[in-house]
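Comments concern the structure below.
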Amino acid sequence: MMNDTAIKIENLSKKYFLNNGKNLLISNKEEFWALNNVSFEVKKGEKIVITGPNGSGKSTLLKILAGIIKPSEGEVTIYGRVASILDIGAGFHPELSGSDNIYLNGQLLGFSKYEIKQKYNDIVEFSGIEKFINEPIKHYSNGMYLRLAFSIIAHLDFDIYLFDEVINVGDAEFREKSKKLFDNDKYKTVILATHVLDEINTPSNRVVKLENGLLSEEKSSNNLEKESEIDFLEGIIKFEKGIIEIKRTDFDDKIEFIITSTLNEPHLKEKHLITCLVDIRSNYLMSHLGFKHINEIEYIDEFSFSQKFILNKILFRGGNYSLSFIYTRSGDPSDYYKLSKKFDFYFDNKIFELNYSNENAYGSIIYPNTL
Amino acid sequence: MHDQKQIITSKPDNFNHYLKKLWRYKALIWVFAQRDIKVKYAQTALGVAWTILQPLTALVIYTVFFGVIMNWSAGNIPFPLYVLSGLIGWNFFSYIIYSGSSSVQDASFTIKKIYFPKSILPLSKVVVAFVELIFSLFLLIPLMIYYGIPLSWHIVFLPFVLIYNTCCGLLLVFWVASFAYKKKDLFHLLPYIVNLGMWLTPVFFTSNFLPEKLRIIAIINPMANVVDLWRWLLFNNVDFNLIWVLNFIVILILSIFGMYYYNKKEGEFADFV
């Protein structure tokens, strides 16, 4: 029988000691559990996202899976070869050229010079830094480091890939390219740790959430999409037109998205939502959603949106959001009337994904400079 | 797809398994060594010449100070040659100690991000030390020709002497690293041990120069034996000493124990460096 398990994690714990002030001889140490009795299983070919706030144990878990640190308790069984990118420039030497570093890194990962040579051209081409390949990599930017590191492991034959959130230094084009590479390979297992859910380029089969070292949630993201899409649309339909300003009030990664207050305009209720934009990136504290109604198309110009469509999906990230609403009464741009209603968006352990294939979708980020 | 199975627990690898892993990663020893050598001479004008310059200056200083000013001699071997043959073994040893003991710390960034057996680090330093040793032969050979001293047939035992010499260095590196990765005091002590050691090892004086009371040190001190052994190897100036073999066996066993202990501790290195 073919074994379809890639990683089996059983009661995994990692304990550290914190120095609670100390005098010369006796140090007062406090136990700290970075991981606490975590168990789950990953199937071959699964793409998994591990999420949770900073300090929730994501990186610790990845480090244990990569063999870098030992757990304090519990057991992990891994079937297959593991590759990881946990930091920019790990396993590279700054004084050596990009080309030398491909060999150095490849050998660090347990491949022979010959095997690396076979893939050398693919690696360089994919990384898109042919021009700089003979430069010492201390002159590289973070993005270039990452491209190179990513190219190397993507082209060498691994079964399991571990990525820490550092992966998001790549630009959109490169991320898209990498995404394709993994999507097309159903045998490769991918685990990505991130505290920002919309960083996910690889469509994940599952989301595992960690909080204070405890496994708090394990859900199939396919199911999540469905149930949440309905809730979200029901809430949003009442806004109809205008801009929804989504502002993160903290950087906590609670994922709740239930609109608790709605605009009291019943006549708009029957119409449906057309526009929606989003480019909520991890780095932005504030993002906006634009809405327009199909029957009032003449108002489009009032919203001088720059159009910005990201793929064909909108993916909301967790956070506590407050919401304000801008509403135009007439065609006069000065007549913007700010409802500045504050709504709290609670993202409660849900990921919101909204498909918009509608051509009339619009949107923008209005105050990118103030962010 | 390879179905390589790997189990990670809190326990260290068993030693047998560890040695297998070390074998699998053996190419890394050379990779790290190569990297060290490349990096060492990158952006230097003299490049590899520095490797010869370093023993050359030591040779000149010791020869002038002890050979000329103090007027010491070394029996039937010209004094510069005597010093150089001592320095070869001693430099090999001290290089392994200095770079080996700091190797884990120096590679801390890599250790925290990529897994490999940590013994690779000091072992790669042995390779670098060996390369430097070969360079110092560029001094030794012309000097031997100059003084007309023939090379002894004992040179065929070179591999044995190298292993002996390596074990002396690694022994200290493994034990110190295994004890000092949490509290680094021992690392600070190491230079003192090495400095003191040089005065207890007949690098630039002959063994019989030591007072009777200290003679025992020359017997116990493995480096004293190694340095004598180097001279036996090159010049056949002394009789073969059975103590060398006994001392070697003890050192070898202690080094293997050191590596065993190092393996037990290395799982924690990434948590502390």
Side-chain angles (χ1 to χ4, degrees), chain A residues 2-3 6-10 12-17 44-45 63-97 100-101 103-113 136 157-159 164 187-188, chain B residues 1-13 17-18 20-44 106-118 120-121 124 182-183 185 263-273:
Chain A
M2 169 88 180
N3 178 7
I7 300 175
K8 195 172 168 194
I9 299 170
E10 291 163 290
L12 197 68
S13 298
K14 178 72 185 175
K15 178 171 64 178
Y16 284 107
F17 290 100
K44 280 192 175 135
K63 278 185 175 179
I64 291 174
L65 295 182
I68 294 162
I69 55 175
K70 294 236 173 228
S72 307
E73 281 165 30
E75 194 175 296
V76 182
T77 316
I78 296 177
Y79 300 90
R81 263 179 121 153
V82 183
S84 58
I85 298 188
L86 304 187
D87 206 345
I88 299 287
F92 283 139
H93 201 286
E95 298 286 345
L96 302 181
S97 71
D100 284 341
N101 267 301
Y103 286 99
L104 167 65
N105 197 257
Q107 285 177 292
L108 258 174
L109 294 165
F111 285 84
S112 73
K113 246 183 160 156
D157 192 18
F158 290 103
D159 307 306
D164 212 339
Y187 295 109
K188 294 200 191 263
Chain B
M1 295 265 105
H2 358 225
D3 242 318
Q4 205 176 73
K5 186 179 165 188
Q6 188 195 345
I7 296 173
I8 300 171
T9 59
S10 59
K11 292 186 184 58
D13 293 324
H17 185 91
Y18 184 76
K20 274 186 197 152
K21 222 162 28 178
L22 209 58
W23 183 250
R24 202 147 49 79
Y25 278 87
K26 62 184 181 302
L28 264 193
I29 297 177
W30 177 239
V31 169
F32 278 132
Q34 215 178 4
R35 192 193 65 179
D36 276 357
I37 294 164
K38 264 191 184 174
V39 170
K40 197 168 171 187
Y41 302 113
Q43 293 187 354
T44 59
D106 293 345
S108 65
F109 184 69
T110 312
I111 283 175
K112 284 181 186 174
K113 305 296 175 188
I114 291 183
Y115 172 78
F116 55 89
K118 310 297 178 284
I120 295 280
L121 292 166
S124 77
K182 281 186 192 170
K183 292 255 183 289
D185 306 57
N263 158 48
K264 274 181 95 168
K265 292 287 168 191
E266 72 159 55
E268 293 179 47
F269 285 179
D271 287 331
F272 286 95
V273 290

Quiz item: Measuring heavy-atom distances to chain B, does A:S84 have an atom under 4.5 Å in its side chain, in its backbone, in both, or in neither?
Solution: side chain
Quiz item: Which answer fits A:L96, side chain, backbone, both or neither, if we ask what part of it has an atom under 4.5 Å from a heavy atom of chain B?
Solution: side chain
Within this structure, what is the [atom1]-[atom2] distance for the pair [X] and [Y], rounded to the nearest 0.5 Å?
X	Y	atom1	atom2	value
A:I68	B:K113	CD1	NZ	7.5 Å
B:I114	A:N105	CD1	CG	5.5 Å
B:T9	A:I64	OG1	CD1	11.0 Å
B:Q6	A:R81	CD	CZ	11.0 Å

Practice problem: Can you tell which part of B:I120 gets under 4.5 Å to a heavy atom of chain A, answering side chain, backbone, both or neither? | Solution: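 Neither part, no heavy atoms under 4.5 Å.
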Exercise. Under 4.5 Å heavy-atom distance to chain A, tell me which part of B:D36 shows up: side chain, backbone, both or neither.
Key: neither
Practice problem: Would you name the heavy atoms of A:S72 and B:S10 that are closest together and state the gap between them? | Solution: O-CB, 3.3 Å
Practice problem: Identify, with sequence neighbours excluded, every residue that meets ring-ring contact (aromatic ring centres under 6.0 Å, His included) alongside A:Y16. | Solution: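 So A:Y16 forms no ring-ring contact (aromatic ring centres under 6.0 Å, His included) with any residue.
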Exercise. Just give me the residue among A:I9, A:T77, A:L12 that pairs up with chain B most often, heavy atom to heavy atom, under 4.5 Å.
Key: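 Of the options given, most contacts go to A:T77.
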Self-check item: Under 3.5 Å: donor-acceptor pair, side chain of A:K70, backbone of B:I8
Solution: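 The answer is no, because no donor-acceptor pair under 3.5 Å joins these two groups.
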Practice problem: Please tell me if the side chains of B:I7 and A:K8 come closer than 4.5 Å, counting only heavy atoms from C-beta onward. | Solution: no
Quiz item: Can you find a heavy atom in the side chain of A:L104 that is under 4.5 Å from one in the side chain of B:K38?
Solution: no
Throw together a table of side-chain donor-acceptor distances under 3.5 angstrom for residues 22-35 of chain B, partners on residues two or more places apart or in other chains.
none

